[in-house]
Enquirer: 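Pasting a structure below so you can have a look.
A quick note: this is a predicted structure, and the numbers were derived from the prediction, not measured. Reminder, nothing fancy here: chain letters follow the sequence lines and each chain counts from 1.
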Amino acid sequence: MPELPEVETVRTGLEQAWVGQRIDRVILRRKDLRFPFPSGMADNLTGQTVVGVRRRAKYLLVDLSNGQVFLSHLGMSGRYTLITPDEVARLNPNRLGVRQSVYGELTGFDGRHDHMEFRFSDGSVSVYTDPRRFGIADLFERAEEPIHALLEHLGPEPFEDWNATIAAERMRGKRSAIKITLLDQRFVVGVGNIYACEALHRSGISPTTPSNTLVRKNGKPTKKLERLVEEVKAVLEAAIAVGGSTLNDFAAVDGTLGYFGHHFQVYDREDGPCLKEGCNGTIERIVQSNRSTFLCPRCQK
DNA sequence: CAGTCCTCCTGTCGGC
DNA sequence: TGCCGACAGGAGGACT
């Protein structure tokens, strides 16, 4: 779920639900996710009002009234579920176990992976569920944000400071495959395995193309690279648009990918027909850096 | 430094 | 049905 479009979809939902709310209580059902929670995180969050929800790369940044920032990364399997006061009352939160929430029927897995629970002043509850625990939660002063270890080395946001010229500058002399470069968050942020495959397919570029061959000798982007940068933005935009349309019934902010799945042209379509107009190729799966890449060898050169 | 692997963790799915 | 291996949307860190 969590590439840029999914994180942006979650951001919008959290913004609508959280901004203006005071956090009355935070329950942490374990001491860590991928990294240990910072000491006192639950206490420091308690009593704060949410003043904004931002996104940087695939990180959610929640601004609090005391000048602190709550950072949340969804990893591979993290999701937030928003629970209304009515549902909260029906599920009787005071019966709760230490390692298991009472919200299992809403969050899945019998509540066994509901690691963080946020209770708000309007009576609603938000639950963070993450079976694989590759997610991250952190809390720090806003002044520290530019030097935060997880944020410091991030590359440009695709819609803000990124274009073919900048891409070419960062790819000069890079011999690794273009698919690997797209996944490198120092090159551009927000692109993950699905949208890297999709953007390369839309662009007609083979995922194994050495990155530097998309840059001219004078350092300018080739036509192919210009196309690729356009298609990265286009596919991310299209996915955000579809995610956004599901936001009206945002009661369950589950990051399930179902909504964009219908639009995949190559991802997870091994042995299926290439859907590009006029191409009769067959989708193949290869492995790059231990991760699956899907491509049409006929129209991606 | 760049590039390549491995790793964290749990759930799910397909093949036998 | 059960068991077992492969694989899953991320990305830091340890290697060569």
Enquirer: Whole Å only: how far is the CG atom of A:L4 from the C1' atom of C:dA11?
Expert: 16 Å

Enquirer: Flag the pair A:E8 and A:R11 as a salt bridge only when some basic side-chain nitrogen lies within less than 4.0 angstrom of an acidic carboxylate oxygen.
Expert: yes

Enquirer: When you measure from the side chain of A:E117 to the backbone of A:L28, do you find a donor-acceptor pair of N or O atoms at a distance under 3.5 Å?
Expert: no

Enquirer: B:dA2, OP1 or OP2 - any side-chain N/O from A:K174 closer than 4.0 Å?
Expert: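 Answer is no, no contact under 4.0 Å.
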
Enquirer: Can you list, in residue-number order, the parts of residues 177-193 of chain A that come under 4.0 Å of DNA chain B, counting heavy atoms only?
Expert: none

Enquirer: Could you state the CD1-C1' distance from A:I286 to C:dC7, rounded to the nearest angstrom?
Expert: 16 Å

Enquirer: Between A:R79 and A:D130 (salt bridge meaning N to carboxylate O under 4.0 Å), is one present in this structure?
Expert: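 Here A:R79 does not pair with A:D130 in a salt bridge, since their nearest N and O are not under 4.0 Å apart.
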
Enquirer: So which one's nearest nucleotide on DNA chain C is more toward 5', A:V287 or A:R291?
Expert: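 Here A:V287 is the residue nearer the 5' end.
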
Enquirer: With a 4.0 Å cut-off, would you call A:K58 and A:E3 a salt bridge?
Expert: no

Enquirer: Within the 4.0 Å limit for protein heavy atoms, which parts of nucleotides 5-16 of chain B are touched? Write it as a string from 5' to 3', B for base, S for sugar-phosphate only, - for none.
Expert: SB-BBBS-----

Enquirer: Side chains of A:T129 and A:Y103: does their closest heavy-atom pair fall under 4.5 Å?
Expert: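 SC-SC contact between A:T129 and A:Y103 ruled out.
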
Enquirer: Counting a pair only when it is Watson-Crick or G-U and both distances are under 3.5 Å, which runs of at least 3 such pairs involve DNA chain B?
Expert: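 Stem segments, range with range: B:2-8 with C:10-16, B:10-16 with C:2-8.
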
Enquirer: So how far is it from A:I83 CD1 to A:R119 CZ, rounded to the nearest 0.5 Å?
Expert: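 The CD1 atom of A:I83 sits 10.0 Å away from the CZ atom of A:R119.
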
Enquirer: One thing to verify: whether A:D63 and A:R54 come together as a salt bridge, which I'm taking to mean a side-chain N less than 4.0 angstrom from a carboxylate O.
Expert: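 Counted as a salt bridge, because a side-chain N and a carboxylate O are separated by less than 4.0 Å.
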
Enquirer: Provide, to the nearest angstrom, the distance between the CD atom belonging to A:E3 and the C1' atom belonging to C:dA8.
Expert: 12 Å

Enquirer: From OH of A:Y267 over to C1' of C:dG10, roughly how many Å is that when rounded to an integer?
Expert: 12 Å

Enquirer: Taking atom CZ of A:R285 and atom OH of A:Y267, what is their separation to the nearest 0.5 Å?
Expert: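 Here the interatomic distance stands at 9.5 Å.
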
Enquirer: P atom, C:dC3 versus B:dC9: distance in rounded Å?
Expert: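 Roughly 24 Å separates the two P atoms.
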
Enquirer: Could you grab the distance from atom CZ of A:R202 to atom CD of A:E230, nearest 0.5 Å is fine?
Expert: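 Output value for this atom pair is 11.0 Å.
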
Enquirer: Is the side chain of A:K276 donor-acceptor paired with the backbone N or O of A:H201 at a distance under 3.5 Å, no angle test?
Expert: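 It does hold such a pair.
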
Enquirer: What is the separation between atom CZ on A:R170 and atom P on B:dC1, rounded to the nearest whole Å?
Expert: 15 Å

Enquirer: Provide, to the nearest angstrom, the distance between the CZ atom belonging to A:R56 and the P atom belonging to C:dA11.
Expert: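 After rounding, the reported distance stands at 12 Å.
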
Enquirer: Can you measure A:E270 atom CD to C:dA8 atom P for me and round it to whole angstrom units?
Expert: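 Answer to the nearest Å: 10 Å.
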
Enquirer: Please determine, for the side chain of A:F35, which listed nucleotide (C:dC7, B:dG3, C:dG12) has the closest atom?
Expert: C:dG12

Enquirer: Rounded to the Å, how far apart are A:L60 CG and C:dG10 C1'?
Expert: 14 Å

Enquirer: Mind checking the CG-CE spacing from A:L45 to A:M41? Nearest 0.5 Å is all I need.
Expert: 6.0 Å

Enquirer: Got A:L60 and A:L14 here, is their nearest side-chain heavy-atom distance under 4.5 Å?
Expert: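 In short, these two side chains touch, coming nearer than 4.5 Å.
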
